[in-house]
2 protein chains.
Amino acid sequence: MEKKQRQLPDSCGLGPALAVIGGKWKALLLWQIHQAQPCRFGELKRLQPEISEKMLIQHLREMEADGIIHREVFHQVPPRVEYSVTPEGAELDLALAPLAEWGKKHQERTEKAKAGAARAARTAAEGAARG
Amino acid sequence: MEKKQRQLPDSCGLGPALAVIGGKWKALLLWQIHQAQPCRFGELKRLQPEISEKMLIQHLREMEADGIIHREVFHQVPPRVEYSVTPEGAELDLALAPLAEWGKKHQERTEKAKAGAARAARTAAEGAARG
DNA sequence: TAGGTACCTTACTTTTTTGTCTGTACTTGC
DNA sequence: GCAAGTACAGACAAAAAAGTAAGGTACCTA
């Protein structure tokens with residue numbers, strides 16, 4: 001364990017929660033494992049080709065240590081490892097749903113605002129050209 | 001704006017949400033502003049002496065840019081600035097509640113597990129001493 | 001002229017997180 | 001022998017986030 005996680009200040013439980021799900025790919029991984037359960041290391045790699053092997057395994061190990069996913073090794077050749085979410089992980093996934101909802105809404109608002117700003121800029125430019 | 005935020009992969013809206021609340025102190029700040037609304041810069045500083053002025057203002061500005069808090073300047077001497085949460089920020093706070101709940105539960109479980117492990121270790125040591 | 005308050009800004013350093021690359025152990029197939 | 005496939009491990013470097021320290025404004029008091 002070479003982990004010295006960034007100390008998050010605790011505001012009513014949010015600190016620990018963000019410590020668990022805060023990594024760059026963790027939420028995505030939890031969600032994907034929850035969908036495709038049980039799934040293998042290579043499967044996750046294929047599902048998310050952007051993530052490097054090192055980060056994938058690092059996040060998987062941390063999530064396992066945090067008790068939100070389960071890792072099962074089958075002593076075969078070639079090796080086979082399956083990941084699944086624990087009940088605790090499933091709860092976390094559920095708790096994450098409202099946040100995801102908010103994120104989606106926020107994204108839409110942001111895009112609309114950007115489009116609006118672009119339109120306003122265009123209109124202003126036209127006005128300036130006429131004036 | 002000198003911001004080049006860490007690009008979070010989008011898993012169904014969680015990416016944008018974590019981008020907004022992911023900073024070390026942001027959740028705490030949102031929560032505190034929501035409690036003590038409206039509150040001044042110096043007030044926040046006193047409420048959370050751990051956070052440096054730089055991070056405080058940086059996070060406040062980012063949260064303002066993300067539209068979750070509102071900043072109002074009163075041109076007085078000495079200067080007076082008040083922060084409050086926007087409706088969007090209030091929604092986010094609400095969406096964060098289940099996550100905070102989970103975090104609290106997770107923390108309790110973790111502590112219990114640690115205590116259990118310590119107890120087991122003690123018992124094992126006693127057993128070994130007897131054996 | 002110096003010091004105090006409130007709210008920042010900037011330059012610079014440290015810490016943390018993420019990414020790249022190489023290597024392991026084993027088997028199958030050519 | 002060599003490549004390919006599986007599931008990793010570890011060294012090192014780049015990038016991002018956070019922290020430190022100092023200064024700046026604008027006005028007031030002594």
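Naming convention: chains lettered A, B, ... in sequence-line order (proteins, then strands); numbering from 1 in each chain.
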- request: Counting heavy atoms from C-beta on, name the nucleotide in dG5(D), dG19(C), dT9(C) closest to the side chain of R61(B).
  value: dT9(C)

statement: note: E50(B), atom CD; dG19(D), atom C1'; distance rounded to Å ~ 13 Å

- prompt: Any sub-3.5 Å donor-acceptor pair from W102(A)'s side-chain atoms to G89(B)'s backbone N or O?
  reply: no

message: With a cut-off of less than 4.0 Å, is there a side-chain N or O of H59(A) near OP1 or OP2 of dT17(C)?
response: no

Phosphate-side-chain proximity, R40(A) and dT6(D), N/O vs OP1/OP2 below 4.0 Å: no

message: Would the base of dC7(C) count as contacting E53(B) through its side chain, where contact means a donor and an acceptor less than 3.5 Å apart?
response: no

statement: The nucleotide from dT6(D), dG19(C), dG19(D) with an atom nearest the side chain of R46(A) is dT6(D)

Exceeds 12 heavy-atom contacts within 6.0 angstrom, atom CD of Q76(A): yes

field: Side-chain donor or acceptor of Q37(A) paired with backbone N/O of V85(A) under 3.5 Å
entry: yes

- prompt: If you check every side-chain atom of K24(B), which of dT20(C), dT6(D), dA18(D) has the closest atom?
  reply: dA18(D)

message: Counting only side-chain heavy atoms from C-beta out, which of dA9(D), dA7(D), dG19(D) sits nearest to I57(A)?
response: dA9(D)

message: Whole angstroms only, please: what is the CG-C1' distance between L60(A) and dC8(D)?
response: 11 Å

field: Salt-bridge present (K45(B), E43(B); N to O < 4.0 Å)
entry: no

query: Between K54(A) and dC12(D), is there a side-chain N or O to OP1/OP2 distance below 4.0 Å?
result: no

- request: Round to the nearest Å and state the distance from R80(A) atom CZ to dC26(C) atom C1'.
  value: 17 Å

- prompt: Taking atom P of dC8(C) as reference, at what distance in whole Å does atom CD of Q58(B) sit?
  reply: 14 Å

task: Take the protein atom CG of L18(A) and the nucleotide atom C1' of dA17(D), then report the distance between them rounded to whole Å.
output: 15 Å

message: I'd like to know if the side chain of T86(A) reaches the main chain of I68(A), judged simply by a donor and an acceptor atom lying under 3.5 Å from each other, with no hydrogens or angles considered.
response: yes

- prompt: Any side-chain N or O of R71(B) under 4.0 Å from OP1/OP2 of dC7(C)?
  reply: no

query: Atom CD of E62(B) to atom C1' of dA18(D): distance rounded to whole Å?
result: 11 Å

task: Mind calculating the distance between OH (Y83(A)) and P (dT6(D)) to the nearest angstrom?
output: 14 Å

field: S52(A), nearest nucleotide to its side chain (from dC8(C), dT20(C), dC8(D))
entry: dT20(C)

- request: Provide, to the nearest angstrom, the distance between the NE2 atom belonging to H75(A) and the P atom belonging to dC26(C).
  value: 14 Å

